[in-house]
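Take a look at the following structure, please.
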Amino acid sequence: MTAPARVPVRTRTSADLIRAEEPVLAHNYHPLPVVVARAEGAWVEDVEGRRYLDMLAGYSALNFGHRHPRLIEAAHRQLDRLTLTSRAFHHDKLAEFAERLAALTGLDMVLPMNTGAEAVESGIKVARKWAYEVKGVPADRATIVVAADNFHGRTTTIVSFSTDETARAGFGPFTPGFRVVPYNDLAALEAAVDETTAAVLIEPIQGEAGVVIPDQGYLTGVRELTRRTGCLFVADEIQSGLGRTGRTLAVEHESVVPDVLLLGKALGGGIVPVSAVVADREVLGVLRPGEHGSTFGGNPLSAAVGTAVVELLETGEFQRRAAELGVILRDGLAELVGKGVLGFRARGLWAGVDIDPALGTGREVSHHLMREGVLVKDTHGSTIRLAPPLTITAEELATALGALERVLRRG
Ligand SMILES: *Cc1c(COP(=O)(O)O)cnc(C)c1O
């Protein structure tokens with residue numbers, strides 16, 4: 001077999017780069033054929049200089065847009081001073097990050113991690129330990145109740161309680177100790193909770209499932225049920241949190257305070273992976289030295305960027321933008337119902353849009369939108385997800401909605 005001639009890196013076109021990935025990159029993704037080379041705000045630019053409006057924003061990891069000046073400045077400043085110590089030593093950035101994140105969420109303590117999946121894993125460990133030490137569940141008997149159609153990440157334990165066969169098949173044996181109930185169903189939840197239950201773990205809005213918003217009263221019901229039965233309410237706000245829905249946290253729409261909050265994605269400002277488990281002292285206090293950790297968790301660069309993210313959220317500006325621009329998004333989508341859109345669910349700057357399957361799959365619609373200069377991602381079947389940076393302008397949002405209308409009109 002003769003190897004194809006290597007094209008010098010600097011002159012590779014988008015098509016060259018896509019072809020070059022195939023033999024050397026694991027095929028666990030199926031990206032749209034766009035090769036991004038630079039970005040700013042709500043816009044990305046490909047290798048050939050074509051510009052696209054980013055209506056996915058890294059699944060909410062880019063809530064503040066690409067390269068927000070305040071976040072880039074915080075990262076640069078930290079890169080010039082100190083990047084990593086490990087938690088074997090203290091460093092001068094961690095206290096402020098934890099103080100400000102705890103204050104932002106109204107809880108006591110922070111366990112810093114890196115990716116969302118690690119925050120979920122850590123939340124599961126903390127809930128189990130709390131069940132044994134505080135609640136008195138017999139050793140190795142703790143259960144955690146989760147919702148069908150959840151998405152909490154990709155580790156072996158997390159896919160153990162996924163109901164998505166594509167995410168699970170071929171990856172067993174699975175971690176025991178999870179009970180799956182339908183989402184948005186308090187009676188089913190109540191039936192699944194017993195004296196072994198450490199926690200109920202849910203997304204306040206199910207993102208990957210297609211931005212599924214539970215009925216008003218569900219989160220209040222989960223809070224009431226978990227309090228009454230003596231288990232923890234763990235809210236995975238990795239995608240829904242940090243401004244996306246028009247509030248700092250999605251649980252605020254029902255004025256609910258969970259026992260354990262899982263944060264990630266936007267916490268890293270689109271620069272570094274930063275996640276956290278946030279909880280009160282009675283819960284996070286169960287962890288003692290040596291029982292849990294992470295080499296990179298809470299490193300100085302992550303703490304500096306995370307602190308800058310919290311500072312942006314302290315202004316309330318992004319939550320306000322998400323709420324106000326969310327009205328434009330909702331109204332724009334409502335206009336398209338019956339014109340290629342079957343229905344949609346939206347809260348803040350976040351929407352799951354069900355496209356008429358006769359017009360194509362979500363993937364095909366995403367492809368057409370890409371040609372129109374708008375980047376989105378399909379979720380399941382004919383549903384696409386819109387989650388633009390919270391820095392997007394009303395005009396840019398109108399541009400995206402206009403492109404969607406054109407794509408649907410053409411069919
Ligand atoms: C993305 C996501 C995760 C996993 O985060 P990673 O950083 O990809 O590991 C967990 N929970 C929710 C709700 C998410 O959206």
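Just so it is clear, the values below take in all heavy atoms, side chains as well, and ignore hydrogens, waters and symmetry mates. As the structure lists them, so they are numbered: ligands from 1, and atoms in each ligand from 1.
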Arg179 side chain to Ala192 main-chain N or O, any donor-acceptor pair under 3.5 Å?
yes
Can a non-hydrogen atom of Tyr59 be found less than 4.0 Å from any atom of ligand 1?
no
Worked check of salt bridge (Lys or Arg N to Asp or Glu O under 4.0 Å) between Glu45 and Arg38:
CA-CA 5 Å; Glu45 197 179 307; Arg38 53 187 72 78; 3.3 Å; yes
Distance to 0.1 Å, residue and atom name: give those for the protein heavy atom nearest to atom 6 (P) of ligand 1.
Gly116 N, 3.5 Å
Do you see a donor-acceptor pair shorter than 3.5 Å between the side chains of Ser86 and Thr295?
no
Within a reach of under 6.0 Å around CZ of Arg406, are more than 12 heavy atoms found that belong to other residues, nucleotides or ligands?
yes
Counting non-hydrogen protein atoms only, what is the nearest one to atom 11 (N) of ligand 1? Give residue, atom name and distance.
Asp236 OD2, 2.7 Å
Polar-atom distance check: Glu208 versus ligand 1, any N or O pair below 3.5 Å?
no
Do Arg244 and Gln319 meet the criterion of a side-chain donor-acceptor pair at a distance under 3.5 Å?
no
Would you say Ala117 and ligand 1 have an N/O pair spaced under 3.5 Å apart?
yes
Ring-plane angle category for Phe318 and His68, please: parallel below 30°, perpendicular beyond 60°, tilted otherwise.
perpendicular
Going by the closest heavy atom to atom 15 (O) of ligand 1, which one wins out of Glu237, Arg154, Lys265?
Lys265
Residue Phe151 vicinity, atoms of ligand 1 by number, heavy atom under 4.0 Å
1 (C), 2 (C), 3 (C), 11 (N), 12 (C), 13 (C), 14 (C)
Any N or O of Glu203 closer than 3.5 Å to N or O of ligand 1
no
